[in-house]
There are 2 protein chains.
Amino acid sequence: MRFVSAEQVAQLAGVSRSAVSRTFTEGASVAPATREKVLKAAEELGYHVNDLARGVLANQSRLVGVVATKPEIGFRAHLTAALTKALIRRGSIPVLINTGETEEELLAAQKMLIGHRAEATVILSGSPPASFFELAQRNGQPLVVIGRAEPDADRVLAGNAEASREAAEVFVAAGHRRLAVIGSHSATPSIAERENAFVAAAHAAGFDVRIAHGRDSDYDSGIIAARTLFAEGQRPDAIFCANDLLAFGAMDVIRQEFGLTIPEDVALIGFDDVPEAAWLSYSLTTFRQDPAAIAARAVMLLDRRQQNPDEPRACERVIPQLVFRKSFAGS
Amino acid sequence: MRFVSAEQVAQLAGVSRSAVSRTFTEGASVAPATREKVLKAAEELGYHVNDLARGVLANQSRLVGVVATKPEIGFRAHLTAALTKALIRRGSIPVLINTGETEEELLAAQKMLIGHRAEATVILSGSPPASFFELAQRNGQPLVVIGRAEPDADRVLAGNAEASREAAEVFVAAGHRRLAVIGSHSATPSIAERENAFVAAAHAAGFDVRIAHGRDSDYDSGIIAARTLFAEGQRPDAIFCANDLLAFGAMDVIRQEFGLTIPEDVALIGFDDVPEAAWLSYSLTTFRQDPAAIAARAVMLLDRRQQNPDEPRACERVIPQLVFRKSFAGS
DNA sequence: CTGTTTGCTGCACAGCCGTGCAGACCGCGT
DNA sequence: ACGCGGTCTGCACGGCTGTGCAGCAAACAG
């Protein structure tokens with residue numbers, strides 16, 4: 001008998017099981033005296049309401065899935081942490097679905113969530129297959145997507161386009177003419193959007209942009225991309241990096257392999273403002289994204305969807321703020 | 001009617017509900033023909049077994065709590081990710097309890113886990129109060145603690161003492177005499193153990209050690225600690241840092257504020273081998289801890305505990321490996 | 001003192017599922 | 001043809017809870 005049941009508490013308190021149930025149910029009608037007796041008996045026996053049985057009745061649990069690939073890397077780590085913290089504060093139970101690369105694993109995890117009657121799922125990254133959305137839809141599973149324009153779900157978007165345009169503008173205003181951008185081959189929607197918006201804005205201003213890609217969007221990719229930019233062709237004097245990690249890799253190559261100085265020879269702007277951007281070695285000018293703010297929006301969308309399940313899909317926007325440091329001082 | 005029940009599947013398939021149940025129960029006896037019919041009907045209706053109800057029967061769910069403060073920082077981010085991945089692969093449901101600093105929040109989260117009849121809890125960091133262990137004990141909640149010598153739980157320990165001793169030995173063998181160590185005021189057990197073991201080993205070899213502390217065990221603390229080491233007193237020529245983040249902060253201060261070179265003027269060894277340690281700017285010699293290996297041990301302990309609940313507490317050790325990079329080349 | 005309202009309480013049911021048990025059915029050997 | 005063993009199947013129960021409903025006592029008004 002590992003767990004105490006309400007029946008046993010009732011017996012010890014000398015009341016019916018209903019009284020116990022009502023004591024632990026918000027807004028139920030119990031006399032203060034019985035309530036007291038029940039609480040005392042529960043304390044003595046170490047009783048905890050069985051949320052599973054509760055969930056069976058309500059046909060819903062308080063689990064919220066958080067889907068992320070590589071949740072330990074860069075900005076995503078901060079977003080994951082902020083989101084789980086916000087969910088806990090809300091009284092939900094954050095389930096971190098750290099899916100490997102395989103689609104199969106993701107679907108298995110989703111089935112687990114549905115099997116546990118999860119309340120909702122938040123998607124931080126990756127590009128789930130269509131079947132994922134279909135399955136969620138079919139089981140009335142609310143979805144919140146962060147950083148991706150998915151029309152079938154509530155979403156929180158960063159102002160990627162606006163920020164990237166601003167990057168191009170401040171580069172041009174500061175007199176830079178040989179522009180470049182570092183993106184990624186396996187571009188997530190956010191990364192691709194930043195790259196494209198920067199290029200478009202530069203073209204609109206009448207300047208060409210060299211484009212470099214690494215395999216991914218991490219430090220090593222930044223290294224590879226920077227090598228291709230500086231090893232051949234006209235060397236850029238200003239580089240916009242689709243995220244901070246790419247920028248760090250590029251900076252290290254620019255300084256150590258090509259002996260150039262930042263920002264005198266090359267200026268850089270990154271994206272995300274992870275804590276490393278403030279480290280003395282980098283001091284990277286970058287667009288700040290506040291993970292707590294994004295998480296708060298996501299939770300808000302969850303609340304709203306729960307109250308009005310049939311409301312049309314909503315979209316929240318969080319606008320990144322350019323933080324000036326030494327890698328680009330502005331004009 | 002948001003979810004399909006087994007009853008409906010049974011009706012469509014023309015069998016009893018028991019047959020449906022047995023189809024989805026491992027090792028139950030069903031005729032291949034009925035099984036087929038049931039699966040087809042389930043597919044058509046989009047049926048998923050209600051894991052909540054299943055859990056009520058078994059009095060256990062497949063939730064596993066993962067308790068961590070600041071799971072986005074440094075090595076802990078990698079450990080969290082590795083652990084959640086391993087748990088998912090095992091068929092468990094990782095619940096990330098990202099507790100703020102308050103003890104109250106932690107206990108609330110623990111009660112949620114117990115309420116959901118979680119299978120076990122893994123503790124990555126922080127120092128839960130005694131009431132935490134007591135509550136877990138009382139509810140038969142298996143506990144795995146990582147990186148902390150908690151006698152009331154199964155545990156996975158890194159070889160902090162062995163590695164730190166090795167650090168002292170290789171420094172001495174390479175001819176360094178002015179040793180220092182950077183630890184932390186708010187020392188987690190691991191950090192404190194590394195510091196103490198290094199000091200003890202140095203003393204044993206006949207050398208004194210300067211000790212510096214920041215407030216925490218992050219980059220900023222490394223900066224502060226390095227400033228106190230180099231601003232006054234005899235400057236060290238070899239520093240052991242209790243983790244990589246501290247080392248990065250120290251390196252940046254040593255180079256940029258004091259104009260010294262690494263490793264010529266000062267050699268450094270870190271701990272953890274987070275990816276940043278391999279970045280060109282740092283190239284930090286450090287002790288590698290494999291998050292996947294630690295996670296695997298933790299999961300193994302979980303499995304073992306589940307099979308033999310009354311076995312004595314076990315302790316697994318993972319030995320860190322010294323990885324040489326440029327910050328200290330060895331002798 | 002009596003009638004009525006109010007506030008609690010207990011009963012019983014519903015919500016899903018796994019499983020022991022008995023019975024049905026089928027194949028097979030004699 | 002008959003008995004027997006084995007494989008499935010359905011019934012019914014048990015696991016723990018929330019809640020509608022009816023009843024009961026107390027409080028209160030007249």
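By convention in this document, chain letters (A, B, ...) are assigned in the order of the sequence lines, proteins followed by strands, and residues within each chain are numbered from 1.
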With side chains defined as the heavy atoms from C-beta onward, is the minimum distance between [X] and [Y] less than 4.5 Å?
| X | Y | value |
| --- | --- | --- |
| B/Leu52 | A/Ser61 | yes |
| A/Arg313 | A/Arg305 | yes |
| B/Val4 | B/Val9 | yes |
| B/Arg62 | A/Met112 | yes |

Least distance between heavy atoms, [X] atom then [Y] atom:
| X | Y | value |
| --- | --- | --- |
| A/Phe132 | A/Gln110 | O-NE2, 2.9 Å |
| A/Asn139 | B/Gly46 | OD1-O, 4.1 Å |
| A/Ala6 | A/Arg17 | CB-CG, 3.8 Å |
| B/Ala314 | B/Arg304 | CB-NH1, 3.6 Å |

Exercise for review: Within residues 21-32 of chain A, find the residues that approach DNA chain D with a heavy atom at under 4.0 Å, and present them sorted by residue number.
Suggested key: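 Going residue by residue through residues 21-32 of chain A, the ones with a heavy atom under 4.0 Å of DNA chain D turn out to be A/Ser21, A/Arg22, A/Thr25.
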Check your understanding: Any donor-acceptor pair under 3.5 Å joining the side chain of A/Ser18 to the base of C/dC11?
Key -> yes
Check your understanding: Between the side-chain atoms of A/Ser16 and the base atoms of C/dC11, is any donor-acceptor pair under 3.5 Å?
Key -> no
Review point. Does atom CD of B/Glu104 have more than 12 heavy-atom neighbours from other groups under 6.0 Å away?
Key: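 Counting neighbours around CD of B/Glu104, 12 or fewer heavy atoms of other residues, nucleotides or ligands fall under 6.0 Å, so no.
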Practice item. Assess whether atom CD of A/Glu36 is packed by more than 12 heavy atoms of other residues, nucleotides or ligands within 6.0 Å. Key: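 Count not over threshold, so no.
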Starting at atom [atom1] of [X], determine the distance to atom [atom2] of [N], rounded to an integer number of angstrom.
| X | N | atom1 | atom2 | value |
| --- | --- | --- | --- | --- |
| B/Arg17 | C/dG18 | CZ | P | 8 Å |
| A/Phe3 | D/dT17 | CZ | C1' | 15 Å |
| A/Arg117 | C/dC16 | CZ | P | 8 Å |
| A/Gln8 | D/dG15 | CD | P | 11 Å |

Nucleotide N/O of nucleotides 24-26 of chain C paired with protein N/O under 3.5 Å:
none

Check your understanding: So which of residues 45-62 of chain A are in contact with DNA chain C, with a heavy-atom cut-off of under 4.0 Å?
Key ->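 The stretch gives A/Val56, A/Leu57 as the residues lying under 4.0 Å from the strand, ordered by number.
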Practice item. Using a strict 4.0 Å threshold on nitrogen-to-oxygen distance, state whether B/Lys85 and A/Glu72 make a salt bridge. Key: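 Looking at B/Lys85 and A/Glu72, the cut-off is not met.
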